[in-house]
Amino acid sequence: MTLAAQIRMATEDALKHLYPGVEIPVSSINVNQVKPEFTGDYTVVLFPFVKLLRQKPDELGQQLGNYLVEKTGLFSGFEIVSGFLNLTVKDSYWINFLLNQFNNPHYGEKPKHDRRIMVEYSSPNTNKPLHFGHLRNIFLGYGMAEILKANGNQVVKANLINDRGIHICKSMIAWQRYADGDTPERTGVKGDHLVGEYYVKFNNAYKEEVQKLVAEGMDEATAEKEAPIMKEAQEMLRQWEAGDHETRSLWEMMNGWVYKGFDVSYRKLGVDFDKVYHESDTYLLGKTIVEQGLQKGVLYKKEDGSVWVDLTDEGLDHKLLLRGDGTSVYITQDLGTAKLKYNDYKLDQSVYVIGDEQNYHMQVLKLILKKLAEPCADGIYHLSYGMVELPTGRMKSREGTVVDADDMVAEMIGLAQEQTEQAGKTEGCSQEELEKLYETIGLGALKFYLLRVDPKKKMIFDPKESIDLHGFTATFIQYAHARICSILRKENMPLLPPNNKFQTFCCKEAIFPAEKKLVLTLEQYPEVLESAAAEYNPSLLCNYSFLLAQLFNSFYDEHSISKAENEEKKELRLMLIIMTAKTLRHAMHLLGIRLPEKM
RNA sequence: GGCCCGGUAGCUCAGCUGGAUAGAGCACCAGCCUUCUAAGCUGGGGGUCAUUGGUUCGAAUCCAAUCCGGGUCACCA
């Protein structure tokens, strides 16, 4: 249990003993870190008790403070400042904490339990390469899955690939028309990019055809429907659904190119999946659920045969689930897929990492499943994230303002190389090590940039600012880590020394403020990791890691480790920095960010 | 128009289950490398927390209204 939690419990206990018979709600117990301008480590806010106990804050604080000091053994003293009970934690608490945890590789994690959670993320279309917006999704999904794992859950990372539909037919038609049999092998173009090129070609040709028809006197709306290339694409979709052999093999070939391309990107990004679903396998699902819903009377049928659900009780609308001809719509297959996932893995929870433009859709999905009494309904959680926008507004593929994911990665790695060479601290590194370092720094910067903001907020992507490797960045954290490793190297100390390493440590001297801040923050890591899971918010780990790195840098500037005042201080500081490096590594690793030992 | 989300320093963001004088980073200014990595550290300027009213010992945080920005309300996915 973290110290803050212990203080909360001890306070509850103290109030019960000191004021028997008075009901004090647990929520009124407020434990915070003491502001730097006051003495003490943690503070209990006294105001909430004043009214309940009809006592003055000072008297109340004295009694509570005395009780806490006496009974818990955690504190060396306390002070009451205008309604705040500021407690000073005994140095021995921090020392014991360090001795117990300094080399625990699982510090902050929860024991394994059998709660099963699926995290669906990435979920790309197969008609174009990944762009910058996908990266936020991918990093969020990967990070969230790892955070949930670290909190003891059994996690399945899933990818639901949207591999069928009109969009891929568009690329296919354009390829047939214009490619002259070109393949990724022949052109040397990455498969997903090649298919994307034909998607763009389709749209250009389509635009031209519409313009031509309008010039011939057709109104625009009709022209958009009548353009030959669009009709071809629609016909191809019908062929595909009918299982036409030629269409299917073209589809398989082109999707194959895209998958190969995606695999390269995913590997580069350092993300993976335990399960891949394809929409071509799932798009017909959901009909049986709808049939059952009709029988149960939860859904209703109109005269034209279409099936609807009435959500007006929930303040929403009527929603179509099956067309008059019996074919399904988007949400129908999602109903089926939700159930499929649930049955495949006996899920307690199913997380969908999807942009916030689908908030309404996800709300409806969950509601319908609830109405149908499907057991998968309760576990559905929409991890909704805001769009990534450019300073000029939203990225629009039609306007060519989309930032390609592969390009962005390459650019960041290039920048990392440039900066590293400028810093000139890597003599003795092999070419291979250098390449790896550039990737660690470049990708780290990119991931951190996209994860440091609260997911639900939309974010502005300013290309100039995103490539800054100073300040609130992964580079800053990596640098602190490299500094620690450098010290440990010179001390001939492994990153995680054996358990008996500091066995003879004894603490006679007081802990200095810079040391205290570090250890106090280290002690909070388990709570941060827990919150990141509970709030589905990886950015908490970014904030925390940055703070920890900042505190280390200040500490490093103020105190020497290798030339500490004495052996005791040296050992204390070694434990501190070992634990700092380990915690930074742990937190960043969950987000897929590596920390170099040298940079 | 209905519903949802947001508005905090010049810019990008923390803080939001009410608690001490609202914090970081970037940018700007002034210092710090013969001492463990200066991709760093220390200090400084910069705020009507969109507006107005309410709740209370206390409001950036909760409630109401207003203004501004975005999303969504398809037999598209």
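Excluded from the calculations below are hydrogen atoms, water molecules and symmetry mates; all remaining heavy atoms, backbone and side chain alike, are included.
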**Q** Indicate whether OP1 or OP2 belonging to B/C76 is found under 4.0 Å from a side-chain N or O atom of A/Arg164.
**A** no
**Q** Would you say a side-chain N or O of A/Lys35 is under 4.0 Å from OP1 or OP2 of B/A20?
**A**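 Answer is yes, contact under 4.0 Å.
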**Q** Scan A/Asn162 against the nucleic acid and name what it touches under 4.0 Å (heavy atoms): base, sugar-phosphate only, or nothing.
**A**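 Sugar-phosphate: the residue A/Asn162, judged by heavy atoms under 4.0 Å, touches backbone atoms but no base.
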**Q** Would you indicate which nucleotide in B/A20, B/G40, B/U12 comes nearest to any side-chain atom of A/Asp557?
**A** B/G40
**Q** For A/Met9, does the CE atom have more than 12 heavy-atom neighbours from other residues, nucleotides or ligands under 6.0 Å away?
**A** no
**Q** Taking only N and O in the side chain of A/His361, is any of them less than 4.0 Å away from OP1 or OP2 of B/A77?
**A** no
**Q** If you count the non-hydrogen atoms of other residues, nucleotides and ligands that lie under 6.0 Å from NZ in A/Lys456, is the total more than 12?
**A** no
**Q** For a quick test of reading the model: is some side-chain N or O of A/Lys319 closer than 4.0 Å to OP1 or OP2 of B/A74?
**A** no
**Q** B/C41, OP1 or OP2 - any side-chain N/O from A/Asn553 closer than 4.0 Å?
**A**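 Yes, within the criterion.
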**Q** Evaluate the ring planes of A/Tyr330 and A/His361, with Trp represented by its six-membered ring, and classify them as parallel (under 30°), tilted (30 to 60°) or perpendicular (over 60°).
**A** parallel
**Q** Less than 4.0 angstrom between a side-chain N/O of A/Gln550 and OP1 or OP2 of B/C41, yes or no?
**A** no
**Q** Taking CG from A/Asp454 and P from B/G15, how many angstroms apart are they, rounded to a whole number?
**A**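 Distance, rounded to whole Å: 7 Å.
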**Q** Looking only at the side chain of A/Phe47 (C-beta and beyond, no hydrogens), which of the listed nucleotides B/G19, B/A77, B/C36 gets closest?
**A**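 So the side chain of A/Phe47 is nearest to B/G19.
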**Q** In terms of side-chain heavy atoms of A/Val453, which of B/A14, B/A77, B/C36 is nearest?
**A**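 Of B/A14, B/A77, B/C36, B/A14 is nearest to the side chain of A/Val453.
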